[in-house]
Amino acid sequence: LYQSGDIKGAISAFKRATELSPDVLQYRTSLINLQVQSGDNDGAVATARAFGSNHNDPDADIMLAETLARLKRLPEAASAIADGEKNHPDMRLTILDSQIAMARGNRARAISVLKDWLSDHTSDIPVRQAYAGILLHTNDNSGALAQYEIILKSRDNIPEVLNNTAWLLK
């Protein structure tokens with residue numbers, strides 16, 4: 001339906017799909033994408049909230065926060081992440097919290113949430129990689145290099161880490 005330009009029909013089809021299979025994230029995500037594309041921002045948020053009302057897990061928190069962030073409703077997205085982190089600590093929430101903080105211009109928070117997570121979860125490579133990326137972005141090259149070197153001790157096959165380490169060592 002979408003391919004033929006029938007966005008309303010595609011939205012209806014995905015609404016029905018979410019009714020029939022309420023646990024399938026892909027249906028909800030596709031529905032939210034179509035709602036945003038068609039300008040139904042309130043519908044997109046309602047779709048994300050509806051998933052959260054039936055699923056008390058990080059996936060629901062992430063869906064709502066990402067939807068709100070996509071709509072530039074960053075304070076609400078940050079609040080959704082904070083609630084999610086209290087109820088279901090998850091590295092994906094921490095990374096999203098950091099990304100939203102950066103989007104809001106709060107570099108200190110963006111760095112601190114990752115650093116705090118790593119103090120209790122030293123082996124979480126995606127969080128360490130995000131932390132290194134922010135350090136690089138904020139011109140803390142020596143800090144970024146130290147984080148990339150920690151990653152390389154356990155995984156030496158991540159292209160971004162290899163590339164950024166090589167660039168920092170040049």
Side-chain angles (χ1 to χ4, degrees), residues 23-33 35-37 41 44-45 47-49 51-170:
D23 297 329
V24 179
L25 279 172
Q26 184 61 34
Y27 296 160
R28 293 257 179 204
T29 302
S30 295
L31 176 57
I32 289 168
N33 290 340
Q35 288 170 316
V36 169
Q37 183 180 353
N41 296 346
V45 172
T47 297
R49 287 191 195 283
F51 184 76
S53 68
N54 295 319
H55 297 84
N56 188 20
D57 61 20
D59 288 333
D61 301 325
I62 291 166
M63 180 178 287
L64 178 58
E66 284 181 339
T67 301
L68 292 166
R70 183 173 175 190
L71 298 173
K72 307 292 187 228
R73 292 166 59 174
L74 298 177
E76 290 175 80
S79 179
I81 288 295
D83 290 343
E85 287 177 317
K86 279 186 248 171
N87 298 320
H88 334 94
D90 185 285
M91 75 172 156
R92 297 171 299 160
L93 289 168
T94 300
I95 292 169
L96 188 54
D97 187 355
S98 177
Q99 291 168 342
I100 290 169
M102 281 297 282
R104 295 179 78 186
N106 189 345
R107 288 183 179 184
R109 173 149 180 89
I111 291 170
S112 71
V113 296
L114 297 172
K115 193 173 181 180
D116 291 348
W117 180 269
L118 288 170
S119 70
D120 293 330
H121 307 90
T122 58
S123 63
D124 281 351
I125 300 295
V127 176
R128 190 166 301 280
Q129 192 171 345
Y131 181 47
I134 286 183
L135 293 174
L136 186 62
H137 180 74
T138 59
N139 296 317
D140 181 354
N141 291 351
S142 62
L145 181 59
Q147 295 305 311
Y148 287 131
E149 287 173 342
I150 292 169
I151 294 168
L152 289 171
K153 288 178 184 173
S154 62
R155 292 217 21 227
D156 64 356
N157 62 348
I158 303 171
E160 178 186 336
V161 172
L162 294 167
N163 180 66
N164 290 349
T165 302
W167 182 82
L168 287 166
L169 291 173
K170 68 172 169 97

Nearest heavy atoms of [X] and [Y], plus distance in Å:
| X | Y | answer |
| --- | --- | --- |
| I95 | L114 | CA-CD2, 4.2 Å |
| S98 | A110 | OG-O, 2.8 Å |
| G84 | D61 | CA-OD2, 3.2 Å |
| I158 | I125 | CD1-CG2, 3.7 Å |
| A69 | A77 | N-CB, 3.8 Å |
| R73 | V45 | NH1-CG2, 3.5 Å |

Requested in this report: Would you please test I100 and N106 for side-chain contact (heavy atoms from CB on, under 4.5 Å) and show each step?
Outcome: CA-CA 9 Å; I100 290 169; N106 189 345; over 6 Å; no

Requested in this report: With sequence neighbours left out, write down each residue that passes side chain to side chain contact (heavy atoms under 4.5 Å, CB included) with D97, or none if nothing qualifies.
Outcome: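 Checked D97 against side chain to side chain contact (heavy atoms under 4.5 Å, CB included); matches are I81, E85, R109, V113.
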
Report task. Return the set of residues passing side chain to side chain contact (heavy atoms under 4.5 Å, CB included) with D140 (not counting sequence neighbours), or none when no residue passes. Result -> L135, T138, S142

Query raised in the report: side-chain hydrogen bond (donor to acceptor under 3.5 Å, both in side chains) with H88: which of N56, D83, D59?
Result: N56

Query raised in the report: Is there a side-chain contact between L74 and L68, using heavy atoms and a 4.5 Å cut-off?
Result: no

**Report entry** Side chain to side chain, P126 and R92, heavy atoms closer than 4.5 Å
**Finding:** no

Is there a donor-acceptor contact under 3.5 Å from the side chain of [X] to the main chain of [Y]?
| X | Y | result |
| --- | --- | --- |
| S79 | P75 | no |
| R128 | S123 | no |
| S119 | D116 | yes |

List in chain and number order the residues that pass ring pair (Phe, Tyr, Trp, His ring centres under 6.0 Å) with [X], two or more places apart in sequence or in another chain; answer none if no residue qualifies.
| X | result |
| --- | --- |
| Y148 | none |
| H137 | none |
| H121 | W117 |

Can you tell me how far the [atom1] atom of [X] sits from the [atom2] atom of [Y], to the nearest 0.5 Å?
| X | Y | atom1 | atom2 | result |
| --- | --- | --- | --- | --- |
| N41 | R70 | CG | CZ | 9.0 Å |
| I150 | Q129 | CD1 | CD | 13.0 Å |
| I134 | Q147 | CD1 | CD | 11.5 Å |
| F51 | D57 | CZ | CG | 5.5 Å |
| L31 | Q35 | CG | CD | 4.0 Å |
| L169 | N164 | CG | CG | 11.0 Å |

Query - Criterion side-chain contact (heavy atoms from CB on, under 4.5 Å) on L168 and L136, from CA distance to verdict - result: CA-CA 9 Å; L168 287 166; L136 186 62; 3.5 Å; yes

Requested in this report: Mind checking side chain to side chain donor-acceptor pair (under 3.5 Å) for R28 and listing every partner two or more places apart, or none if nothing turns up?
Outcome: none

Query raised in the report: Passes side-chain contact (heavy atoms from CB on, under 4.5 Å), N33 versus Q37? Steps please.
Result: CA-CA 6 Å; N33 290 340; Q37 183 180 353; 6.0 Å; no

